[in-house]
There are 2 protein chains.
Amino acid sequence: MLPVFGHMNPDTDAVASALVYANFLSRTGTPAQAYRLGELNFETPYVLQAAGVEIPPLLPELSAGTPVALVDHNEPQQSVGNLGELDVTRVVDHHRLGNLQTAAVPFLRFEPVGCTATILLKLHREQAVSVEKAGAHLMLSAILSDTLHFRSPTTTAADREAVEFLAPIAGIDDVAAYAMAMFAAKSDLGDTPAEQLLQMDYKEFTFGEGDLAQRWGLGVIETTNPGYVLGRQAELLAAMDQARADQGLNGVLLSVVDILHESNQTLVLSATEQKVLEEVFGIQVTEQRADLGNRISRKKQIVPALEAYFAPTL
Amino acid sequence: MLPVFGHMNPDTDAVASALVYANFLSRTGTPAQAYRLGELNFETPYVLQAAGVEIPPLLPELSAGTPVALVDHNEPQQSVGNLGELDVTRVVDHHRLGNLQTAAVPFLRFEPVGCTATILLKLHREQAVSVEKAGAHLMLSAILSDTLHFRSPTTTAADREAVEFLAPIAGIDDVAAYAMAMFAAKSDLGDTPAEQLLQMDYKEFTFGEGDLAQRWGLGVIETTNPGYVLGRQAELLAAMDQARADQGLNGVLLSVVDILHESNQTLVLSATEQKVLEEVFGIQVTEQRADLGNRISRKKQIVPALEAYFAPTL
């Protein structure tokens, strides 16, 4: 059974795409099993329950040389710790390519679309593999989640068409109402500890090269209730400080994204991050908070800007 | 116009796939232009003339940040010198993935098949883009060339099906006779200088990691007339010695592959290469020549064995 998994701190796309791709592979001659690399956020259990699908198990320790398939990520620092020892045979992803090596010729399918599930739907249609009701529900949910129901600038025509194609198969009549319910589930953070809120959608990136390389941790909390999250700023800054120390990072940011109003208030840990944000985005940080306006996509609007800032001058 | 190009020391697949993919992209909304990274071998002009297609121009110097599409390769050391400064937006390939990074999300399409053109035909069929006669001729020729008319162990069912699909469109009734004519053209080496013979299908590889990393140059001459090539052993060894010195390599090998009898006589530059080959393949080198039997695929039978030999022990 080929293990299939998404990134650490899994979001709905990472989990749903692992489930759908494992099912697709199993039905096309490659027995596969979906796994997750960590605890779920509050949106994903809602989606899995609505789709009638079990939560996939945590990935067990894999011995060196085990063939694996990745979805929704490819950079080793966002994956299982011993990825370099494993045999990556397949990747389906919608992120930039970053330093992955494979031993043999892999199946790779990357496209600049809003969601991995949009690419998975293409695979079904190209190979005339039927789309099952639960799979349609999972893919549709992943696309709504990753694109914030088409509000994110990462949204493409292919993502919209995929949702239109999937909704009747999934039996979802009112897509907007379903998306709102998903986002409400995600925003119901209750008394979740600040450390967990920070880690829920958190990725580590390396910017620049060689001795000047910087490692940054970038967290995002997408919510319909930003006031609640921002009200816990002091706790969250303490959790960010701890993460920076624990992981030996150069910088840590936490963006609080208001899904409905498409705006981003980012918590700024120290003068280091403040200087970078002010120079990169031309904004003013006050009281450890940066108003990044409508920059709601980490992938498209935050990471490339930091990448360019830290790139070695040619 | 998006530049599209294959690897250095281009073979028929590198040139044909650049032409076909540039045409495909142009017809699907992304204006593109095919280029080559060096002089053609003796097979490719035969193919281009038979297809009625002009030789693509040499790639001009591209300024930093220029978007480019790669076919039939992805490792920076097999590409244009300043690849690291360019913006790789698309790759269609059938080689292992090796250390490529992209700034944004790329289109990637890798499959473990015998030829890049086999993947390109899939793209046409998936997106219902018509296959033109010249394009069919180019793709069919590339597949016959890369798979040595299905003799190479890299051959897959998809390659055979592609040739079956393409032959009537290309107007080629006798595929075997056409393949023989291609191989005869390739084998007509005339008075080509030994340096040029070595470089004709030559790739550089890095094996192992860090301080122990080794850089090797691996040349292949696929021919229906191995006697002619092996008769020039002394000249070829001198050219290999010069290449090793010029490029500061740890080892250089030149495999003379008998296309029709599916066998490989490899020229061995020095005691360094001899020790490695004897340990890796359990064979005896005599008079600077190693009989590697039916190991006729550099990609599938030579490179992975050397890779494993030089891999750091875990």
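Below, each value reflects all heavy atoms present in this structure, side chains not excepted, and no hydrogens, waters or symmetry copies. Letters A, B, ... are given to chains in the order of the sequence lines, protein chains preceding strands, and every chain is numbered from 1.
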Q. In terms of heavy-atom pairs under 4.5 Å with chain B, which of A/Glu307, A/Arg125, A/His94 leads?
A.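 The answer is A/His94.
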Point-to-point distance, once rounded to the nearest 0.5 Å, from [atom1] of [X] to [atom2] of [Y]:
| X | Y | atom1 | atom2 | result |
| --- | --- | --- | --- | --- |
| A/Arg109 | B/Phe107 | CZ | CZ | 9.5 Å |
| A/Lys122 | B/Gln127 | NZ | CD | 7.0 Å |
| B/Leu100 | A/Asn99 | CG | CG | 9.0 Å |

Q. If only atom types and distance count, is the side chain of B/Thr102 paired as donor or acceptor with the main-chain N or O of A/Arg96 below 3.5 Å?
A.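 Absent.
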Q.
Can you give me the closest heavy-atom contact between A/Gln101 and B/Gly98, atom names plus distance?
A.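 Taking A/Gln101 first and B/Gly98 second, the nearest heavy atoms are CG-CA, 4.2 Å.
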Q) Within a reach of under 6.0 Å around CD of B/Glu61, are more than 12 heavy atoms found that belong to other residues, nucleotides or ligands? A)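 No - once you tally the heavy atoms of other residues, nucleotides and ligands closer than 6.0 Å, there are 12 at most.
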Q. Would you find more than 12 non-hydrogen atoms of other residues, nucleotides or ligands less than 6.0 Å from B/Glu209 atom CD?
A.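 No, not enclosed.
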Q) Can you find a heavy atom in the side chain of A/Lys299 that is under 4.5 Å from one in the side chain of B/Val105? A)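 SC-SC contact between A/Lys299 and B/Val105 confirmed.
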Q: Using a 4.5 Å cut-off on heavy atoms from C-beta on, say whether the side chain of A/Val91 contacts that of B/Leu108.
A: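 No, their side chains stay 4.5 Å or more apart.
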(Q) Using heavy-atom distances under 4.5 Å, tell me whether B/Pro106 contacts chain A through its side chain, its backbone, both, or neither. (A)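 For B/Pro106, heavy atoms of backbone and side chain both lie under 4.5 Å from chain A.
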**Q.** Verdict with reasoning, A/Leu97 to B/Val88, per side-chain contact (heavy atoms from CB on, under 4.5 Å)
**A.** CA-CA 10 Å; A/Leu97 181 63; B/Val88 177; over 6 Å; no
